[in-house]
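Structure, as structure tokens:
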Protein chains: 2
Amino acid sequence: MPPDIDTLLSGNLLLSALRLPDQSLLKPHLELKDYRRGEALFEAGEDVSFISFPLGQCVAALVIGLKDGRAVETATVGHEGAIGGVVSQGSLPAFSRAVVQVPGRVLRIEAPVLQQIKQTSPGLRNLITRYSDCLLAQVLQSVACNASHTIEARCVRWLLSLQDRLDTNVLPITHEVLAELLGVQRSYLTRTLRTLQQQGLIQVRRGRIILVSRPAMEEAACECHGAVKRHFEAVLGAVYNANGTLVSLRATAASNNSMSQAI
Amino acid sequence: MPPDIDTLLSGNLLLSALRLPDQSLLKPHLELKDYRRGEALFEAGEDVSFISFPLGQCVAALVIGLKDGRAVETATVGHEGAIGGVVSQGSLPAFSRAVVQVPGRVLRIEAPVLQQIKQTSPGLRNLITRYSDCLLAQVLQSVACNASHTIEARCVRWLLSLQDRLDTNVLPITHEVLAELLGVQRSYLTRTLRTLQQQGLIQVRRGRIILVSRPAMEEAACECHGAVKRHFEAVLGAVYNANGTLVSLRATAASNNSMSQAI
DNA sequence: GCCCGTCTGTACACTAGTGCACAAATGCCC
DNA sequence: GGGCATTTGTGCACTAGTGTACAGACGGGC
């Protein structure tokens, strides 16, 4: 039995924030797709033909490949966002690779079709603009973070931000992969994770990391996690809550105003 | 004598890439403003009310302030671009601070007015979208760069990217300021600059750094400088050249196509 | 042409993180 | 329930970069 489209839409915070008429405009064009860990949504240099909205637990990342073969993560996108031509509006070559970190499903739409619909829907335009701004904020903060913070703090930040996008405290990732994403040495990361475990923040298992104490993690993380989250709340908080449904992203405080003009 | 508006427009590559009718739409709303080194265009958290187009040699930077008082540069903007609500389209709180690195003049326009004009001008919309994508690319690359490359390589990258925006090889910057922007220790940066001087790449003077051999610098820089530049050329190359005037940004190769749909 | 604040050079002890090699453990598959 | 690939743990030598302190040099302002 094919899943109900409305149920699917509700798996992504952006899509479910749209008013019903806007949702209706999109529905006929949305396509459901399953991704496995490691699969690429698009490659650097390719024209981006689809914009994808991760559903539920699915998490993808924007990754920059370097000459020496490393591939560093630059942004994480889960059910709070969208990936693929969000800023460029499709039709331009992708600068980064998009790869699935946590497998799952996405709803995707052809970029030109989305552009078309945006012409007629201010709500959709507004929503995507707001998300673009948050995506940029996330990346800006990471530039400063990578220039300034220790691997330990960055690692904790990363774990928190993955958990924000899941609803479990068991994070499915190996040291190897995490080290690659952070752009650091695997052996050193193992030692860092050991330290965190000794401090009682996490439990390390083969292929997964279990968060034990979220408050202690937030203490140990660099400020960057909180800074980005606050920006999301300021810019998209009220939007996410607009339809009074899902209040995810583990809202810490009341969502800021500064966006009374609504969507 | 007030400077001729057309001469001013030609000082910014985005503005001068616009077709004449689009330029005419903007002209009545553009305001000329002078900035001194260190002045802020806007502060983090403020609503961004203006979008500014740096003219000639003027260079500004997006800067993220950290708790410990450091302030790391996340993006550089000169006469090839614009700064302030480029992605957010104004009307949202700024996530970063914008500060002038190299003094000069900008043409600025109120964000809501620009939004208004964008409604009626596909060329303007397209241009700003393209630039937004390049800005994002620049920042994405910096995330990976800061995670992976040595201070020496990053420093050389930074010097090159500043020179791209000036037309001189004398860069007006102190070790202190550059170290802050890169998020590194001043004393170590001094040593790094010494090394570069010994290798014959630069000359170090009080308050300025003189590039001696651009080819050697490009050799010593990390790949990031080139990667970002190629993306600018792919996405904006033909646009910058559209009016057949200024061909700046030290074009290395023929500008790529992939954007035949023009602006 | 001298003064003084700012900028640059350098020394030193120290820590964070690299790079590599290999051993040990886990857990999935049959 | 044993075998085996993958993942994790750890040892070690090394380098890059921090943090701090202070001396010296430059050059603009008077």
Side-chain angles (χ1 to χ4, degrees), chain A residues 36-38 66-72 101 144-159 170-199 202-210 220-222, chain B residues 36-38 66-72 101 103 144-159 170-199 201-210 220-222:
Chain A
R36 284 181 299 182
R37 143 156 309 140
L66 299 175
K67 272 190 193 160
D68 62 10
R70 286 193 279 184
V72 179
Q101 301 296 351
C145 186
N146 285 350
S148 308
H149 296 142
T150 62
I151 291 182
E152 179 165 326
R154 288 199 274 143
C155 171
V156 174
R157 175 193 173 198
W158 193 94
L159 294 173
V170 180
L171 311 184
I173 190 148
T174 66
H175 300 185
E176 181 81 44
V177 171
L178 180 50
E180 171 89 357
L181 293 175
L182 294 174
V184 307
Q185 197 73 11
R186 199 273 309 164
S187 66
Y188 188 70
L189 184 69
T190 293
R191 270 173 278 220
T192 303
L193 290 170
R194 271 296 101 187
T195 310
L196 294 174
Q197 169 156 336
Q198 277 153 24
Q199 294 168 357
I202 61 173
Q203 292 250 344
V204 176
R205 292 284 175 281
R206 198 186 165 80
R208 62 216 138 96
I209 295 168
I210 304 165
C222 54
Chain B
R36 285 180 298 182
R37 144 156 305 141
L66 300 175
K67 271 190 192 158
D68 62 9
R70 285 192 277 185
V72 179
Q101 301 296 351
C145 185
N146 286 349
S148 307
H149 296 142
T150 62
I151 291 180
E152 179 165 325
R154 288 199 272 141
C155 171
V156 174
R157 176 193 172 197
W158 193 94
L159 295 173
V170 180
L171 312 184
I173 190 148
T174 65
H175 300 187
E176 181 80 45
V177 170
L178 180 50
E180 171 88 357
L181 294 174
L182 294 174
V184 306
Q185 198 72 13
R186 198 273 309 165
S187 65
Y188 188 70
L189 184 69
T190 293
R191 268 175 287 203
T192 302
L193 290 170
R194 271 296 104 186
T195 309
L196 294 175
Q197 169 156 338
Q198 276 152 25
Q199 292 168 0
L201 305 195
I202 60 173
Q203 293 250 343
V204 176
R205 293 285 177 280
R206 197 185 166 80
R208 62 217 138 96
I209 295 168
I210 303 165
C222 53

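So you know, we letter chains A, B, ... as the sequences are listed, proteins then strands, and number each from 1.
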Checklist entry - A:Glu180 CD to D:dT7 P: how many Å, rounded? => result 13 Å
Checklist entry - For A:Arg205 and C:dC28, what is the distance between atoms CZ and C1' respectively, to the nearest whole Å? => result 17 Å
Checklist outcome for this item: Hits for side-chain contact (heavy atoms from CB on, under 4.5 Å) against B:Gln185, two or more places apart or cross-chain, chain-then-number order -> B:Ser187, B:Tyr188
Next on the checklist: Which residues pass the side-chain hydrogen bond (donor to acceptor under 3.5 Å, both in side chains) test with A:Arg205, not counting sequence neighbours?
Outcome noted: A:Gln203
Pairs under 3.5 angstrom, nitrogen or oxygen only, protein versus nucleotides 24-26 of chain C, please.
from   : atom 1 : to       : atom 2 : distance (Å)
C:dT26 : O2     : A:Arg206 : NE     : 3.1
C:dT26 : O2     : A:Arg206 : NH1    : 2.8
C:dT26 : O2     : A:Arg206 : NH2    : 3.0

With the criterion being N/O to N/O and under 3.5 Å, what pairs connect the protein with nucleotides 18-20 of chain D, and how long is each?
from   : atom 1 : to       : atom 2 : distance (Å)
D:dT18 : OP2    : B:Gln185 : N      : 3.4
D:dG19 : OP2    : B:Gln185 : OE1    : 3.4
D:dT20 : O4     : B:Ser187 : OG     : 3.1

Next on the checklist: Can you list everything that forms a side-chain contact (heavy atoms from CB on, under 4.5 Å) with B:Arg186? Sequence neighbours excluded, please.
Outcome noted: B:His175, B:Glu176, B:Ala179, B:Thr190
Item to check | Taking every non-hydrogen atom, the tightest pair across A:Gln197 and A:Val204 | outcome: OE1-N, 2.8 Å
Next on the checklist: What's B:Arg186 touching, base or sugar-phosphate or nothing? Going by heavy atoms closer than 4.0 Å.
Outcome noted: base
Checklist entry - Less than 4.5 Å apart, any side-chain heavy atom of A:Leu178 and any of A:Ile209? => result yes
Item to check | Set of side-chain hydrogen bond (donor to acceptor under 3.5 Å, both in side chains) partners for B:Arg70, sequence neighbours left out | outcome: B:Asp68
Item to check | side-chain contact (heavy atoms from CB on, under 4.5 Å) against A:Glu180, all qualifying residues, sequence neighbours excluded | outcome: A:Ala71
Item to check | Members of residues 170-178 of chain B that approach DNA chain C, where some heavy atom sits under 4.0 Å away | outcome: B:Thr174, B:His175
